[in-house]
Each structure stands twice: as C-alpha cells, then as structure tokens.
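This report concerns only the one structure given below.
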2 protein chains.
Amino acid sequence: MRNAEFDREEVLRATMKAFMHKGYAKTSMQDLKKATGLHPGSIYCAFENKRGLLLAALEQYRLDRKTEFDKLFANSTLTMVNLKAYLDNIVLECVSCDSAQACLLTKALNEIAEQDSEIQQVISNNLSMLQQAIAEKFEQAKAEKSISTNKDCHHLARYFLMGICGLRTFAHTHPEAQVLQQLAEQLYHDVSQ
Amino acid sequence: MRNAEFDREEVLRATMKAFMHKGYAKTSMQDLKKATGLHPGSIYCAFENKRGLLLAALEQYRLDRKTEFDKLFANSTLTMVNLKAYLDNIVLECVSCDSAQACLLTKALNEIAEQDSEIQQVISNNLSMLQQAIAEKFEQAKAEKSISTNKDCHHLARYFLMGICGLRTFAHTHPEAQVLQQLAEQLYHDVSQ
DNA sequence: CTCTATCTTGAATGTACATTCAAGATAACG
DNA sequence: CGTTATCTTGAATGTACATTCAAGATAGAG
C-alpha cells in the first residue's frame, strides 16, 4: 500500500562509504543513520540488522564494480590496453585521498573474514567472480596475441588480483602517486610479458 | 620496591595474537585479560589504555620480526635463496590455519590506519624499515650477481613487499597451499629475473 | 621483622552501542 | 474522502564495553 521512500542502491552506496571509512566494527548505527539518512528502525526493517546491511552492501559493491568493469572493457582497443587502464584507475582511486575509495572487499576481508564464515564466503565468491572476469580478459588477450599462449590465464588473473590487493593495502602508507604508479607498471609488465 | 610480575614481551605477544585474531575494535578488554592473564588495572597501569597496548604490541612485533628476519638471512647460502625461503615461510604462515599468524601490520593498516594518524605513522615506519632491510638484501644479491645490476633495489623491495601484502590478504579467501605457493613462486620469479 | 612503595585485583562507573517498538505519517486504493 | 496497509520516527531498552579506583597483597629495604 506504500513504497519505501529511500533509494536502496543509494543507501547501500552510502553504507559502503561509511564502512570503508571507519571499518565495520567502528561504524555505529548513528554513523549509518547520518550516512544513509535512514533512521535505525528503517534500517532494521529493510536489512534486518547491521550485518545484513553489510551483506547487502557487499552485493551492491559487486554489482557496481561489475558494471564499471564491463564499461571499461567495452572500449574497442586492445584488451591489454584496457587492463592497463583498469590498473591505472585503481591507482587513481588509491591516490585520491578519498578514504571511501579503499575497497570494501579488502577492508572487510581483513577485518571480519576471520570471524564470520558466511561473510568470508560472500567476499570469497565476490573475488572469485572478479578473478574469473579478469581471466577471461587474459584469454582474450591471448587470442589477440598480446600475451604468450602458453600461460595459464587463471594463474595470471590470480596473480594480478593479488597485486591489486597488495597495492591497495600498500597505498595506505604510501599514498604517493608516483610510487604507486611505478608499482602498477611493474605489475602490468610482469603479467603481460 | 616491587617489580612487575608479568613478562612484558610475553604479554605483548599474547596481545598481538588477540588483535590479529579478532581485530582491534572487536577485541575487548576482557579478551585481552584472558589472552594476557593481566587484569584491566594492570594493563592500564603498564600501557595506559587499549591503544597504548596496540602501540606497544606493534613495536614488539617489529622487534620479533627483525630478529626472525636476521636469523633467516644468517644462513650462509646465496641471498636470493634466503629471500625465497623468507617467502616460503610467509606462505606457510598463511596456510597454517592459525589465524594468529596473519600479520599485525596488514591487519592494523586496513582496520585503523585511516582513523588514527599516529598509528598509521607507526605502521608506516614499521613497513619502511622492513622495506629497507629487504632492499639491502637485494643489494647483496646484486653484489653476488644473482640479479641484474641495473635494477633499483628500493623499487624491487617495494614491489616484493606489495606482493607479500597481497598474498596475505588473498590468503584469507584462498588458504590452499598449492595456490599460494604458486603465487609466491611467480613473485619470486618476477623480482629475481 | 617492619615498613613502605609498588603492584594486583575486580567490582563499580558511566558511556556508547545495537536493537526494539509503539505511535505517528503517508501513499495507494476504492 | 475514508480506510488500510505499510513505512517512518526516535525515544526506550538492555547489554557490553573501556576505564577508574580503592582495597588488598607482596617484594624489597632497612
């Protein structure tokens, strides 16, 4: 008889930002209220509890990242060029002092994966899907003869993702654009040769 | 007139474990009491507060890691062989389901660096020292002609450390020894050629 | 053995928090 | 315009927490 007034996606994006900024444990319901504009009651009604909100935010994060990923690779240049652009984007994110740009997966993985096996599973799946998507790009690059054909694309993708995780963590202490850019270039070099 | 009864180093090692297991925010003073055997009053007397305990634990972590590092590289084989062994050790740590083996730096960096600039600085210095130590090993390897002489050892060390951070984060979702070992080998290959 | 400075203990304190709930508001429908 | 189902609100609840503190214990000095 009456629809919710808030935009679920926007609420979840605000939630991500809050969790990325303060971490899950330290983000209070009051912080979430401020960030999302929703009163506690509404949050509990829509997402059951704080944990439910995190789960919903993780899913939204996956969707948003996937959209962004697909859009980037829609450019009709060589796949490896797009992959480099993908990496450069990540460096830009790390450099922009906007703490909200961290990476919900990396942060949540480090903070709570150990504690909560369901959330660990969700993040794990989330990363696996990204790894799969990257592996497909490497396959494509192989077909384009940009990389050697005797490489295991899944291994490459895993290594690439590991590098990204490292870059993101490392960036917390070294926010100098130049250093991060250099690291990204090395990583690109190591997966492309 | 009376000395403290507890062993400061042991208390700090127990503290590290607790923080690595549950994260800083979720580790309550009661958890710390259980882990260290110290009553709240003693903790406050010796370390001022929970945050002081973290700072002290970070310093002890640095000392312990340095000891371990120096011990490993005291083996009189080639430096690059020792570096590989260092990496293999980290993989073993990640694989051993002992959650306490994470890495206090990685965890703390992801959880609180954003919030607390003093702690961020401490972790940052901590990592810089490790980077410096690794860079020295690369210099040594250069002298031993194990790696090309036209490489920037500081860049190599940074990349190596980035890889380790990535490996550790990645391990939270992929604790399969084989996969981690393969990633470590690729990393070793990429810094040694 | 006595005294005293220091350490240890754990209950008490106040705060901050996640969650609940009942009253109030409002959109959709007839 | 009235009804009703649903959403919104925010104060109330109980819990869990970091921190404090005063009483008790104990090692060392004399």
On DNA chain C, compare the nucleotides closest to B/Ile43 and A/Ala25; which residue's is nearer the 5' end?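 Going by which nucleotide is closer to the 5' end, it is B/Ile43.
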Report task. With a 4.0 angstrom cut-off to heavy atoms of chain A, pull out the first and last contacting nucleotide of DNA chain D, in 5'-to-3' order. Result ->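 Footprint of chain A along DNA chain D, 5' to 3': D/dA5 to D/dG10.
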Q | Donor-acceptor pair between B/Glu59 and B/Asn126 side chains, under 3.5 angstrom | A |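 The criterion, which ignores hydrogens and geometry beyond distance, is not satisfied for B/Asn126 and B/Glu59.
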Next item on the list: Begin with the C-alpha distance, continue with both residues' side-chain angles, and end with the deciding distance and a verdict on side chain to side chain contact (heavy atoms under 4.5 Å, CB included) for A/Gln115 and A/Gln120.
Entry: CA-CA 8 Å; A/Gln115 308 291 316; A/Gln120 168 156 28; over 6 Å; no
* Check ion pair B/Lys107-A/Glu111 (N to O, under 4.0 angstrom) ->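 Judged by the 4.0 Å cut-off on N to carboxylate O distance, B/Lys107 and A/Glu111 do not form a salt bridge.
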Handout entry: side chain to side chain contact (heavy atoms under 4.5 Å, CB included), paired with B/Lys142, selected from B/Ile147, B/Leu156, B/Thr79, B/Asn150
Key =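 Single side chain to side chain contact (heavy atoms under 4.5 Å, CB included) partner of B/Lys142 among B/Ile147, B/Leu156, B/Thr79, B/Asn150: B/Ile147.
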Checklist entry - Contact class for B/Ser42 vs. all strands (heavy atom < 4.0 Å): base, sugar-phosphate, or nothing? => result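 Result for B/Ser42 = base.
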Problem - NZ or CZ of B/Lys50 within 45° of B/Tyr24 ring axis and under 6.0 Å - result: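 Yes, cation above the ring, under 6.0 Å and within 45°.
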